[in-house]
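Reviewing the structure listed below.
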Amino acid sequence: MKQSFLKTSVCAFATAALCWSCGQKQQHEEAVAMSGNPVFEGWYADPEGIIYGDTYWIYPTYSDKYEKQTFFDCFSSKDLVNWTKHASILDTAEVKWAKKAMWAPAVISKNGKYYLFFGANDVHEGEIGGIGVAVADRPEGPYKDLLGKPLINDIVNGAQPIDQFVYNDNGSYYMFYGGWGHCNVVKLNDDFTGLIPFEDGEVYKEITPENYVEGPFLFKKDGKYYFMWSEGGWTGPDYCVAYAMADSPFGPFKRIGKILQQDPEIGTGAGHHSVIHVPGTDDYYIVYHRHPLGDKDGNHRVTCIDKMTFDEKGRINPVTITFEGVHKQTIKR
């Protein structure tokens, strides 16, 4: 009788221990299967997220004083959780006209080539700088300056030539850009070496929505164009993202409201974002930067990813910023 009881007790203990071990392992696997925020180490801002093939890529600004912000790194991942750093894919040694402040990359591929558009020199009237373009044979570079000069140097419609985003709309490539509270759209030629006029003869169209500051981004879903931008000051806690919807990539864009902003318990200054849509799914992710809690240095910005969802009318729900980030997800082609 005692032996039977002892055997039962040992079995029960072993089963409980096994269950506890399995539970711990499951919790660990679930924790590992989340990206965490920030998604990679270092001070990085203005992240442009994109999918090339079966791989996620993020191209951010190296966030430092303008004099030290002279190169770009990028990061790749097969699953949104494990990221590989590709260092110094473009720098001022390659871009001879850029002396400082290389920032806010925008990327796109065409005809087997990979293009990286960037701002440089924090350009003001009469200065050399603005939006440049580089090209590479691989997503991770190395990138080479395509023009040897800025693609856009001049200040048109009050828009500082920074914070560019390139969008492919059925084979036509448009670039949205602008700081100082103004946003222009231009049409790129076939090899991205220049601009071509729109049908009405205009080269620069201003499409500035209410409260626009900088950081434009555009995507299309269910026949609607979603235009997004950053509001507020980039060094402060109130930096945020708002959006509009339209039937055309040129608007008119009537502001709907904010969808990304600080959470005083998570991080501040959540802004200058991009959006990744996983092919064949309804999953959308917002890639953005924010300031760590309690850190008052405006250049201390980290790159994060959180889920972005929509309501039944197709409007973007307010994004919940998190420490956990997003679940592991591979791309099926």
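- Take Tyr115 and apply the ring-ring contact (aromatic ring centres under 6.0 Å, His included) test, not counting sequence neighbours, and it matches Phe192.
- Members clustered with Val302: Trp43, by chain and number, using a 4.5 Å side-chain heavy-atom cutoff among hydrophobic residues.
- Minimum heavy-atom separation, Glu265 to Leu293: O-CD1, 3.3 Å.
- A heavy-atom distance below 4.5 Å is not found between the side chains of Pro161 and Asp154.
- Asn153 meets the side chain to side chain contact (heavy atoms under 4.5 Å, CB included) test with Val123, Ile128, Pro150; sequence neighbours excluded.
- For Glu127 and Lys99, the salt-bridge test fails: no basic side-chain N is under 4.0 Å from an acidic carboxylate O.
- Put simply, the side chain of Lys100 does not reach to within 4.5 Å of the side chain of Gln69, judged on heavy atoms.
- Between Asp283 and Gln329 the shortest heavy-atom distance is OD2-NE2, 3.0 Å.
- Taking the side chain to side chain contact (heavy atoms under 4.5 Å, CB included) definition, one finds that Glu206 meets it with Asn157, His182, Asn184, Thr208, sequence neighbours left out.
- Judged purely by distance below 3.5 Å, without hydrogens or angles, the side chains of Asn37 and Glu324 never pair a donor atom with an acceptor atom.
- Within the 4.5 Å cutoff, the side chain of Leu260 has heavy atoms near those of the Ile321 side chain.
- Taking the side chain as every heavy atom from C-beta outward, Pro60 and Glu48 never approach each other to under 4.5 Å.
- Under the ring-ring contact (aromatic ring centres under 6.0 Å, His included) test applied with Tyr226, the options Phe253, Phe310, Tyr284 reduce to a single match, Phe310.
- Between Arg255 and Ala242, the closest heavy-atom pair is NE-CB, 3.9 Å.
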Checklist entry - Could you walk me through whether Asn168 and Ser172 pass the side-chain hydrogen bond (donor to acceptor under 3.5 Å, both in side chains) check? => result CA-CA 6 Å; Asn168 176 10; Ser172 294; over 6 Å; no
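- At a threshold of 4.5 Å between side-chain heavy atoms, the hydrophobic network of Ile, Leu, Val, Met, Phe, Trp and Tyr places Phe227 and Trp180 in two separate groups.
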May I have the list of side-chain donor-acceptor pairs in residues 210-223 shorter than 3.5 Å, sequence neighbours left out?
residue : atom : partner : partner atom : Å
Tyr212  : OH   : Gly178  : O            : 2.5
Glu214  : OE2  : Tyr239  : OH           : 2.5
Lys220  : NZ   : Tyr225  : OH           : 3.3

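- The shortest distance between side-chain heavy atoms of Lys307 and Ile286 does not fall below 4.5 Å.
- Between Asp263 atom CG and Phe323 atom CZ the span is 8.0 Å, to the nearest 0.5 Å.
- Placement of Ile131 and Leu195 within a single hydrophobic cluster is found when ILVMFWY residues are connected by side-chain heavy-atom separations under 4.5 Å, directly or transitively.
- Across Glu125 and Ile155, no two heavy atoms sit closer than the pair N-CD1, 3.5 Å.
- Thr320 meets the side chain to side chain donor-acceptor pair (under 3.5 Å) test with no other residue; sequence neighbours excluded.
- Hydrophobic cluster membership is shared by Val185 and Met228, with clusters built from Ile, Leu, Val, Met, Phe, Trp and Tyr side chains linked at under 4.5 angstrom.
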Notebook entry, point to check: Does the side-chain hydrogen bond (donor to acceptor under 3.5 Å, both in side chains) test come out yes or no for Asp91 and Thr70, once each step is laid out?
Noted result: CA-CA 6 Å; Asp91 59 29; Thr70 57; over 6 Å; no
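- Donor-acceptor pairing under 3.5 Å is recorded for the side chains of Gln160 and Asp122.
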Validation: residues 103-111 side-chain donor-acceptor distances under 3.5 Å, sequence neighbours left out:
residue : atom : partner : partner atom : Å
Lys110  : NZ   : Asp190  : O            : 2.6

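- Here the shortest heavy-atom pairing between Gly49 and Ser274 reads N-OG, 2.8 Å.
- Residues satisfying the salt bridge (Lys or Arg N to Asp or Glu O under 4.0 Å) criterion with Asp54, sequence neighbours excluded, are Lys78.
- Here the NZ atom belonging to Lys254 is positioned 13.5 Å from the CE atom belonging to Met245, to the nearest 0.5 angstrom.
- Rounded to the nearest 0.5 angstrom, Met308 CE and Tyr243 OH are separated by 9.5 Å.
- No single ILVMFWY cluster, assembled from side-chain heavy atoms under 4.5 Å apart, contains both Leu151 and Phe165.
- Distance check: Thr61 OG1 to Phe118 CZ gives 12.0 Å after rounding to the nearest 0.5 Å.
- Checking Tyr288 against Asp306 by side-chain atom types alone, a donor-acceptor pair falls below 3.5 Å.
- Summarising the geometry of Ala270 relative to Gln262, their closest heavy-atom pair is CB-N, 4.2 Å, with the distance given to 0.1 Å.
- Lys205 places no side-chain N or O within donor-acceptor distance of the main-chain N or O of Glu202, the cut-off being under 3.5 Å.
- Ring to ring, His272 and Trp229 are not that close: their centroids are 6.0 angstrom or more apart.
- The distance from the CG atom of Asp282 to the NE2 atom of His277 is 6.0 Å, given to the nearest 0.5 Å.
- Within the 4.5 Å cutoff, no side-chain heavy atoms of Tyr167 are placed close to those of Tyr173.
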Determine all donor-acceptor pairs shorter than 3.5 Å in which one atom belongs to a side chain in residues 133-147; sequence neighbours excluded.
residue : atom : partner : partner atom : Å
Asp137  : OD1  : Lys113  : NZ           : 2.6
Arg138  : NE   : Gly141  : O            : 3.3
Arg138  : NH2  : Gly141  : O            : 3.0
Tyr143  : OH   : Pro139  : O            : 2.8
Asp145  : OD1  : Leu147  : N            : 3.4
Asp145  : OD1  : Gly148  : N            : 3.4
Asp145  : OD2  : Trp97   : NE1          : 3.2
Asp145  : OD2  : Gly148  : N            : 3.3

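- Counting heavy atoms from C-beta outward, His289 and Asp46 have side chains that approach closer than 4.5 Å.
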Practice task
Before giving the answer on ring-ring contact (aromatic ring centres under 6.0 Å, His included), spell out for Trp234 and His291 the whole-Å C-alpha distance, their side-chain angles and the decisive distance to 0.1 Å.
Solution key: CA-CA 10 Å; Trp234 66 269; His291 300 287; 7.7 Å; no
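- Annotation: side chain of Asp238 is not in contact with side chain of Gln261 (no heavy-atom distance under 4.5 Å).
- Of the N and O atoms on the side chains of Thr309 and Asn317, at least one donor lies less than 3.5 Å from an acceptor on the other residue.
- Between Lys85 atom NZ and Ser76 atom OG the span is 12.5 Å, to the nearest 0.5 Å.
- The hydrophobic cluster containing Val39 also includes Phe40, Tyr44, Ile51, Tyr56, Ile58, Tyr62, Phe71, Phe75, Leu80, Trp83, Ile276, Val278, Tyr285, Val287, Ile305, Val326, Ile331, under a criterion of side-chain heavy atoms closer than 4.5 Å among ILVMFWY residues, counted directly or through chains of members.
- Under the side chain to side chain donor-acceptor pair (under 3.5 Å) criterion, Ser63 pairs with Arg301, sequence neighbours left out.
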Could you walk me through whether Tyr177 and Phe117 pass the ring-ring contact (aromatic ring centres under 6.0 Å, His included) check?
CA-CA 11 Å; Tyr177 77 91; Phe117 296 77; over 10 Å; no
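- Linking ILVMFWY residues whenever their side-chain heavy atoms come closer than 4.5 Å, directly or via other members, leaves Val186 and Tyr174 in distinct clusters.
- Listed by chain and residue number, Glu67, Asn299 satisfy the side chain to side chain contact (heavy atoms under 4.5 Å, CB included) test with Lys65 (two or more places apart in sequence, or in another chain).
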